[in-house]
Amino acid sequence: MPDLILSGSNYARLMEGLVVTLQVLAGSVILGTLLSLIFGIGRLSTRAWVRRGSSVYVEFARGASAIILLFWMFYALPILFGIRGWSPMLAGILALGMNMGAYGAEIVRGAVLSVPKGQSEAAVALNLTNTQRLRHIVLPQAVPVILPPYGNLVIEVMKGTALVSLITLSDLAFEVQKLRVNSVVLSDSATTPVLYLNVLIIYFILAFLIDRVFKLAERKSAARFGVAPQRAKKAGKPAAGVGVTG
Amino acid sequence: MVTKQPEGRTSESMVRMRDVTKAWGDNVVLRELDMTVAPGEKVVIIGPSGSGKTTILRVAMTLERPDSGTVEIDGRHLYHEEKNDKLVTAGEKHIRSVRSDVSMVFQHFNLFPHMSALENVTLAPIKVLGKSKEEAEEQAVALLESVGLGDKLGHRPSELSGGQKQRVAIARSLAIDPKVMCFDEVTSALDPELVGEVLGVLRELAEQGEMTMMLVTHEMGFASEIADRVVMFDHGKILEDGPPSKIFKQPEHDRTKSFLQAVLQH
Amino acid sequence: MNQLADRPVWNWDVVWEYLPDLWGGMLVIIQATIAGITIAMILGLFLALGRRSQRRWIAWPFAAVIDFIRSTPLLIQLFFIFFALPEIGIVLGARTSLILGLGVHYATYASEAYRAGINAVEKGQWEAATALNLGPATTWQKVILPQAIPKVIPALGNFLVAMIKDAPLGSSIGVAGVLFVARSIGSQTFFYVETMTVAGVMFLVVSVPAALFVQFLERKYGYEAA
């Protein structure tokens, strides 16, 4: 009966790879979140060129294949712009971040649209600037709506980080491929199925943790900011003078 | 109103419920209920909401399982089987076999939206009774004509009015040739002007005599016309039970009196 | 290295020369996707039905497997099928491994869509089936599924579009798709810009109409049944 547990040194190697995976994940999520906010709100802008530009970005980055984008970033970009010393980490973060930004932009857009129009109108009535309106009134109420699909998106990005192993980045997926080759060559006791199962379980734990974190955030934000969008729908006839849309 | 006893029957019961109890958590909806319906009898069940009147129909139709007690349909136990002279909980096959004698018409019709009226009526005869397509269609056409919808055979439910939908639903249930039919507030979801056409069909069905009918309804006038018996439910038990002339004109319990007053006020 | 720096940024001759090879690779991708989505559609329904089982000893393993596959990278799953399965006696070619990997991975997504579609069918339909004493087979075949499937179709369309974009992962196990071809040409000729860009453009050319088709499906099947 083959061992389901790997040797300590194998785990050490995998953990090194995991660190790289987490770095790529962090970088991509930060970039992706930034782009989601910029282009998600950009698509709602009153200025046509901002709106159209954002839409173009979203359609392009959503229609592109993540792995093709990744390879393009790693192989083509440095040649195109004559960059020396281009790192696969940068290419990975750029590609995954851009991809995430497109899907995230749609989530942000949908969430902002779900905030009752009356809230914006009240902000205008109080003479707040657009930025203040967004920052203090609209976005906080959009957050509870953004979080659930956003959590799923982050998990998708986490799964996508495995692709950077194909552009020579030593992440978890790369390490397991190396270990597999080693075990074949050195007839290590670790069999390939066991290796991959261990790695799959590590990724699964990662997904589980991300899910937990987001569920926690959802609970907290609902308490702090929450007007659940359903309430707006049930409002029915608007009371005189109050701009809540039914 | 005198009902014809179906030919060749002794007056054993058609539906017999003994000690039926049903609760959801703390909410006890049926309390050790005893009720018997004779073959061909038309029983109208009235009572306030939450009294258990809908639940008792659903128990007969196996849409709710009783927590305890027995239900017999035409002398056969619905939820129990006899094995070695003992009563054990019945398996799916047995339940299905006994259930074939019961059908139900719902408040919200529950017609199959992706099928025409004709197809709604022929589905069960073909698939359950094993009839051929021609046989089933012949029967379906006759049934739909008898409820006044002979010209709507190919129509989808979305093209029919509420009253028409309910009449299709009645035809659909009749097509499986049940011995007992349950009617769960079948006119409550209809616009007032459409109620009459459905009551007309029910009246005709009652007058033909043979079908055992259990109806939950608020239509008291209609009830006094067709019912052999009116049963007043309250808090999961039968409060009063008697012919319509007695229940509606001279109710014994205050609860019945106040309920009838409130309803007839409309 | 100076030669590379002096070279023009974009070389149209290269594009025309390798276009047929790249398009051939694209066709491999499209074929794999069609086969994969077919598996996903069928397996997905099976998974959804298993997940819905009343018996917990059936439903729970289905839920666990679905969740596990959905939460882990497709790439590793492809590696598992192609590299690990042979060690326990199942040897599949690269293309078959890709199709199987895509099919199983997306079947888990599809099963969620099926579940949502089935749950969206009104409770009253189930009750009417009981009232007419229809058996389980008839109930599923004639009453429930015909009402559930139209709601699932737009979601399946979205998965098709997503799968096209995931299919190039096959290049990592040697499937001669467009990415594999682009990399091969690139590694030999260093014309990475041209090959990668053409590969990217081909993708947009295929996935944008596919996305429009999905929008069409959403409009067609989005109406409420009566």
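Remember, it's a predicted structure, so these values are computed and weren't measured experimentally. So you know, we letter chains A, B, ... as the sequences are listed, proteins then strands, and number each from 1.
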Exercise. Verify the distance criterion only: is there a donor paired with an acceptor across the side chains of B/His77 and B/Glu82 at less than 3.5 Å?
Key: no
Exercise. Run the numbers on B/Lys179 and B/Glu210 for salt bridge (Lys or Arg N to Asp or Glu O under 4.0 Å), then give the verdict.
Key: CA-CA 8 Å; B/Lys179 294 179 184 157; B/Glu210 282 163 16; over 6 Å; no
Practice problem: Could you tell me how the ring of C/Phe83 sits relative to the ring of C/Phe79: parallel (under 30°), tilted (30 to 60°) or perpendicular (over 60°)? | Solution: tilted
Practice problem: Tell me, out of B/Glu119, B/Met104, B/His108, B/Arg172, who's got the most heavy-atom pairs with chain C below 4.5 Å. | Solution: B/Arg172
Quiz item: Can you pull out the residues in residues 133-142 of chain C with any heavy atom less than 4.5 Å from chain B?
Solution: C/Asn133, C/Leu134, C/Gly135, C/Thr138, C/Lys142
Self-check item: B/Val102 versus chain C, the contacting section by heavy-atom distance below 4.5 Å
Solution: backbone
Exercise. Under 4.5 Å heavy-atom distance to chain C, tell me which part of B/Arg156 shows up: side chain, backbone, both or neither.
Key: neither
Practice problem: For C/Thr130 and B/Arg99, run side chain to side chain contact (heavy atoms under 4.5 Å, CB included): C-alpha distance rounded to whole Å, both residues' side-chain angles, the deciding distance at 0.1 Å, then the answer. | Solution: CA-CA 9 Å; C/Thr130 304; B/Arg99 183 168 72 199; 3.5 Å; yes
Self-check item: Under 3.5 Å side-chain donor-acceptor pair for C/Tyr106 and C/Asp166
Solution: yes
Exercise. Select, from B/Leu63, B/Thr62, B/Ile176, the one with the greatest count of heavy-atom pairs under 4.5 Å involving chain C.
Key: B/Leu63
Quiz item: Yes or no on ring-ring contact (aromatic ring centres under 6.0 Å, His included) for C/Phe46 and C/Phe62, after CA distance, side-chain angles and deciding distance?
Solution: CA-CA 10 Å; C/Phe46 172 70; C/Phe62 270 85; 5.7 Å; yes
Self-check item: Residue pair C/Glu127, C/Lys123: steps toward the salt bridge (Lys or Arg N to Asp or Glu O under 4.0 Å) verdict
Solution: CA-CA 7 Å; C/Glu127 298 193 342; C/Lys123 194 171 163 232; 3.6 Å; yes
Quiz item: With under 30° as parallel and over 60° as perpendicular, where do the rings of B/His114 and B/Phe112 fit, or are they tilted in between?
Solution: tilted
